[in-house]
Amino acid sequence: MKIGVFDSGVGGLTVLAELRKALPEASFVYFGDTANVPYGTKSAEKIESLCRSAAQRISKMGIDALVVACNTASSLALGAIQEELGALPVFGVVEPGVGAALQIQVEGPILVLATRATVRSHAYLYRFQERMKELGRDSPALLELACPLLVPLIEEGWIDHSVLHLTLNEYLGAYAARFSSGIAVLGCTHFPWIQAAVEKALPGWVVVNSAQTVAQEVSLKLVSAHLPDERSGEVEWFFSDAPAVPDFARQWIEDTKRR
Ligand code: DGL
């Protein structure tokens with residue numbers, strides 16, 4: 001089985017890494033829409049139209065299922081992508097992100113760090129509220145924080161840079177000062193690249209990266225993905241603007257080719 005993985009840029013690589021571990025028999029196609037990154041600062045209409053165009057391109061790549069490894073696209077355009085792909089199974093990342101956070105029991109609020117568009121959509125907030133209701137659990141404080149400067153810094157390759165640490169302190173300082181613990185959900189697939197820096201900015205907090213949960217869900221639901229593919233483990237790479245791929249991601253891609 002060939003599985004497509006789609007993101008605006010290099011964020012989806014964090015999900016692809018876990019998918020390759022959970023589904024060693026599958027082969028993959030990665031599409032990063034680097035010509036249009038970031039998605040998260042754009043309007044809902046623009047994001048939907050970019051996702052429809054990307055889905056049309058991806059539909060010609062011979063895949064059997066698609067993982068939308070982008071929270072912004074999952075929050076605002078999952079239905080549109082599914083429409084473009086017809087009967088093909090399409091997986092988003094919001095639901096598994098909520099599931100991963102709900103497995104953790106820690107005093108304090110749940111803080112979703114995401115792009116501006118994801119926060120505006122309140123996709124996480126609504127899904128958390130629904131799940132809490134279904135589980136009959138008292139809801140902790142649910143907070144959403146747009147961090148629009150982080151994606152450009154990550155795409156620039158500044159994943160352990162003084163500017164990144166300063167920016168995180170600006171965004172998170174008030175939360176770190178107010179709460180000694182809590183759950184920070186990385187509600188953007190770019191953010192696991194800077195997980196260590198987020199943990200440093202939020203001492204005492206648990207930082208949730210949902211990539212593993214996404215991979216588990218896909219692995220459970222796509223039973224046929226476990227049948228050996230003649231190109232098992234291989235990844236085909238497509239970027240709409242190749243020179244925009246930062247060095248750390250390029251290195252990761254090269255290492256993946258050798259594995
Ligand atoms: N990685 C994406 C996300 O999970 C999108 C980042 C962006 O393009 O703004 O939201």
Side-chain angles (χ1 to χ4, degrees), residues 1-20 22-23 25-40 42-97 115 117-118 121 123 151 155 188-190 210-211 214-215 217-219 221-225 227 229-245 249-250 252-253 256-257:
M1 170 172 268
K2 197 194 263 191
I3 300 175
V5 180
F6 161 52
D7 180 46
S8 58
V10 298
L13 299 183
T14 60
V15 177
L16 174 63
E18 295 302 330
L19 286 168
R20 288 183 83 227
L23 294 158
E25 310 292 3
S27 66
F28 298 91
V29 174
Y30 188 89
F31 180 66
D33 193 6
T34 41
N36 294 301
V37 70
Y39 278 10
K42 298 183 170 69
S43 67
E45 295 72 24
K46 183 72 188 167
I47 293 165
E48 183 178 325
S49 108
L50 289 171
C51 288
R52 280 192 189 275
S53 309
Q56 284 159 13
R57 276 185 78 170
I58 293 166
S59 70
K60 300 191 184 91
M61 295 176 181
I63 55 166
D64 304 295
L66 178 69
V67 178
V68 180
C70 172
N71 286 271
T72 308
S74 297
S75 298
L76 289 125
L78 202 61
I81 294 170
Q82 183 73 75
E83 262 174 41
E84 296 296 333
L85 294 179
L88 217 69
V90 175
F91 297 88
V93 286
V94 172
E95 180 75 39
T115 65
T118 300
S121 77
V151 171
E155 289 285 333
C188 171
T189 54
H190 277 70
S210 63
V214 173
E217 187 189 309
V218 176
S219 165
K221 294 203 175 139
L222 286 181
V223 180
S224 52
L227 300 173
D229 181 307
E230 59 187 39
R231 303 181 60 196
S232 289
E234 275 183 36
V235 186
E236 291 168 66
W237 300 98
F238 296 93
F239 290 98
S240 52
D241 188 12
V245 177
R250 197 174 290 283
W252 190 92
I253 292 167
T256 305
K257 285 180 188 160

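For the single chain, residues carry numbers from 1 onward in sequence order.
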field: Approximate separation, where rounding is to 0.5 Å, of E217 CD and S210 OG
entry: 10.0 Å
message: Could you tell me if the side chain of M1 sits less than 4.5 Å from the side chain of L23, heavy atoms only?
response: no
- request: For the pair D64 (side chain) and K2 (backbone), establish whether a donor and an acceptor sit closer than 3.5 Å, ignoring hydrogens and angles.
  value: yes
- prompt: Between the main-chain N or O of L50 and the side-chain N or O of K42, is there a donor-acceptor pair closer than 3.5 Å?
  reply: no
message: Closer than 3.5 angstrom, by distance alone: can the side chain of S74 be matched with the main-chain N or O of V68 as a donor-acceptor pair?
response: yes
field: Polar side-chain atom of S27 near backbone of S232 as donor-acceptor pair, under 3.5 Å
entry: no
- prompt: CZ/R20 to CD/E25 distance, rounded to the nearest 0.5 angstrom?
  reply: 12.5 Å
Inter-residue atom distance I81.CD1 - S59.OG, 0.5 Å rounding: 12.0 Å
- prompt: Under a 4.5 Å cut-off applied to non-hydrogen side-chain atoms, are T115 and P38 in contact?
  reply: no
- prompt: Would you call Y39 and D33 a side-chain contact if the rule is heavy atoms closer than 4.5 Å?
  reply: yes
query: What's the shortest heavy-atom distance between Y30 and D7, and which atoms?
result: OH-CB, 3.6 Å
statement: Heavy-atom closest pair (I63 atom, I3 atom, distance to 0.1 Å) is CG2-C, 4.2 Å
message: Main chain of A69, side chain of T189: is a donor-acceptor contact present, judged purely on distance under 3.5 Å?
response: yes
task: Determine the minimum heavy-atom distance between C188 and V151, stating which atoms define it.
output: SG-CG2, 3.8 Å
task: Heavy atoms only: give me the nearest W252-A17 pair and the separation to one decimal.
output: CZ2-CB, 3.4 Å
- prompt: Are side-chain heavy atoms of C51 and E84 found at a separation under 4.5 Å?
  reply: no
query: Any idea which heavy atoms bring V15 and A211 closest together, and the distance?
result: CA-CB, 4.1 Å
- request: Could you grab the distance from atom CD1 of I47 to atom CZ of R52, nearest 0.5 Å is fine?
  value: 13.5 Å
statement: Rounded to the nearest 0.5 angstrom, the CD-CG distance for E18 and L13 is 12.5 Å
message: To check you understand the geometry: which heavy-atom pair defines the closest contact between T72 and A117, and what is its length?
response: CG2-CB, 3.8 Å
query: Are side-chain heavy atoms of E48 and L76 found at a separation under 4.5 Å?
result: no
message: Working to the nearest 0.5 angstrom, can you tell me the gap between R57 CZ and F31 CZ?
response: 4.0 Å
query: Between F238, W237, F6, which is the residue that forms a side chain to side chain contact (heavy atoms under 4.5 Å, CB included) with V29?
result: F238
